[in-house]
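These notes concern the structure reproduced below.
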Amino acid sequence: MLKYILKRIVMMVPVIIGISFLIFAIMNLTPGDPARLMLGESASNEDVEALREEMGLNDNFFVRYFNYLKGAVQGDFGVSYRSKVPVFNELFSRFPSTLKLAFGATVIMVVIGIPVGVISAVKQYSIIDNISLFSAFLLTSMPAFWLGLMLILIFALHLGWFPATGVDGFINFVLPCITLAAAMLASLIRMTRSSMLEVIRQDYIRTAKAKGAGERRLIMKHSLRNALLPVITIIGMNFASMLGGTMIIESVFAMPGLGTMTITAVRMKDTPLVIASVVFVAIAISLMNLLVDILYTYIDPRLRTQYSKR
Amino acid sequence: MADKLLEIKDLNVIYETDESTVYAVNGLNLSINEGETLGLVGETGAGKTTTALSIMKLLPEKIGLIKKGEIILDDINVTNATEHDMRLLRGDTVSMIFQDPMTSLNPTLTVGEQIAEVLELHKKDMNKEQVQKRVEEILELVGLPAERKSEYPHQFSGGMKQRVVIAIALACEPKLLLADEPTTALDVTIQAQVLEMMKELKDKLNTAMLLITHDLGVVAETCDRVAIMYAGEIIELGTVEDIFNGNKHHPYTDGLFGSLPDLTKKTRRLSPIEGLMPDPTDLPSGCPFHTRCNKCMDICKTEKPKITVDNSHMIKCHLFK
């Protein structure tokens with residue numbers, strides 16, 4: 001198992017190099033001159049040219065990429081063109097709030113999504129099931145920015161229960177987390193429901209019933225664990241994508257997160273910062289996938305033997 | 001004669017779906033005495049499994065319905081019993097071995113946990129150690145090493161899984177065991193082993209058994225009495241002697257035996273029964289078998305045959321009035 005985990009982590013290296021090359025190439029091919037953007041329209045051509053030379057922008061593409069890689073391997077990911085701060089610092093000043101946001105939204109999602117999904121599967125076609133179906137549709141069809149604004153309007157402006165912006169304390173994250181969880185909640189409820197429905201029709205559930213097991217036991221001990229695999233995949237994927245930043249939520253609630261930072265960096269042709277944040281997201285997603293795979297083996301013993309062999 | 005353990009009177013079961021109503025069991029009468037083995041034989045779709053599921057009250061929810069009739073199991077009327085009462089009965093007084101051992105075990109629980117569960121549910125006075133001891137005992141009883149209790153179902157072969165399923169069914173020493181084609185999914189060598197084992201266990205624990213099968217060889221070897229089922233009815237019932245050696249038979253039973261290869265006689269071809277079972281959503285009038293019967297008379301098409309009884313032997317056919 002440990003061998004498998006190490007192998008997976010080693011396999012991430014070529015992926016990360018590939019991603020950094022791709023982003024580097026794309027940033028290079030898109031129009032726009034970082035030096036010009038930094039100095040502004042009024043700057044003279046000579047000044048821009050001097051800056052280009054200073055930043056090494058006039059070198060051959062491959063030379064520049066290898067210089068970048070050389071630095072990266074030594075732990076130097078470059079300096080943001082715009083703020084002159086090392087990108088690493090820039091990234092990690094933004095990361096905590098993004099992580100808190102993603103974590104909070106995931107907790108809300110799991111705590112509400114799984115029980116509701118299970119109940120609507122067990123009581124299929126009941127009123128509860130229909131209500132959950134209806135709210136799931138409602139949640140998916142509400143755009144995040146609209147829901148965010150509505151929540152601010154009601155809970156921040158009218159009721160004054162939560163602040164509308166900021167990242168200072170726990171209370172600042174309540175509304176953004178709810179907004180972020182809402183859209184994903186729907187898919188989680190539906191996934192849990194369909195997965196549960198499939199499991200409770202299995203023969204081994206009938207075997208458990210034939211043993212005299214009650215409904216509670218059937219659900220908690222026999223069905224849930226078997227139904228959880230696809231559900232965990234969804235949670236893991238959502239969590240990883242949230243780590244990449246959530247532009248809309250960050251904008252609506254005026255939070256300094258990774259999403260807004262990346263978008264600004266792309267617009268400013270701030271190549272080191274763009275690469276750093278994209279690579280960061282890639283690592284986060286790979287690690288999340290690995291974590292999900294490890295979780296699988298705890299849930300399903302069949303997979304455990306499969307991995308231990310490798 | 002021993003006490004009656006199970007009595008089914010005029011059982012009618014339907015499956016109701018949006019498109020149609022399936023008449024799965026139609027006026028079935030059956031009884032099993034304590035310690036007795038009754039073979040229930042019939043083609044696929046004759047209503048054998050439905051009968052067993054009705055006894056457990058495990059018919060598919062909302063679709064399967066007991067329309068009429070009574071099932072008395074160990075002096076309890078199953079047809080009126082609440083879900084709570086049934087839960088106490090299932091696994092304790094009556095347990096069931098299901099058709100497919102490959103899918104009947106929960107893949108995420110160890111074999112030991114699955115056997116222990118029945119005990120935890122019904123033998124509340126047993127402590128953890130006693131339960132574990134009993135699990136080991138019952139595993140040895142079905143011919144599996146006790147130390148394999150901590151393994152998962154996927155680590156067992158098909159025959160071994162069936163043994164586990166049997167171990168679960170026998171853990172609480174039920175009075176009645178419903179074995180629904182326990183050997184169909186197994187290959188022939190394992191079949192013989194499993195049957196032999198079930199016979200031994202039955203004798204040891206004095207369990208009554210309803211053995212559902214379409215294998216007449218299995219019936220001859222393990223059963224005391226045999227019921228032949230066709231289109232949801234029992235059309236012939238008797239001791240193994242009556243069915244295998246008697247000279248009066250329902251034409252369908254004759255047909256069943258005619259479909260078996262006989263090594264002692266020289267015949268060029270087998271003589272299977274022509275045609276198929278009638279559509280259970282649209283059963284024919286009169287005797288359900290008349291559409292395929294080679295001795296069909298006019299009366300068979302219009303009137304349901306009455307039961308003719310000759311000692312232990314019962315036939316439902318117009319030929320023997």
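Everything numeric here is computed off the predicted structure, so don't read it as measured data. Quick note on labels: first sequence line is chain A, next is B, and so on, each numbered from 1.
Only the side chain of Glu61(B) comes within less than 4.5 Å of a heavy atom in chain A; its backbone stays farther off. In this structure, chain A has no heavy atom under 4.5 Å from any part of Gln99(B). Only the side chain of Leu109(B) comes within less than 4.5 Å of a heavy atom in chain A; its backbone stays farther off.
Taking OG1 of Thr49(B) as the reference point, atom CZ of Phe98(B) lies at 10.0 Å (rounded to 0.5 Å). Of the inter-residue distances, the one linking Leu147(A) atom CG with Leu138(A) atom CG reads 9.5 Å to the nearest 0.5 angstrom.
With respect to chain A, the highest number of heavy-atom pairs below 4.5 Å among Met102(B), Glu83(B), Gln114(B), His84(B) belongs to Gln114(B). With respect to chain A, the highest number of heavy-atom pairs below 4.5 Å among His122(B), Glu113(B), Met86(B) belongs to His122(B). Ranking Arg201(A), Arg206(A), Lys221(A), Lys209(A) against chain B, the residue ahead of the rest is Arg206(A), based on heavy-atom pairs under 4.5 Å. The choice from Arg217(A), Arg225(A), Glu215(A) that makes the most heavy-atom pairs within less than 4.5 Å of chain B is Arg217(A).
Looking at Lys202(B), its side chain never comes within 3.5 Å of a backbone N or O of Met209(B) through a donor-acceptor pair.
Residues Asn226(A) and Pro107(B) approach most closely at OD1-CG, 3.4 Å, considering heavy atoms.
Ring to ring, Phe253(A) and Phe173(A) are not that close: their centroids are 6.0 angstrom or more apart.
Two residues are said to be in side-chain contact when any heavy atoms from C-beta on lie closer than 4.5 Å; Tyr204(A) and Thr103(B) fail this criterion.
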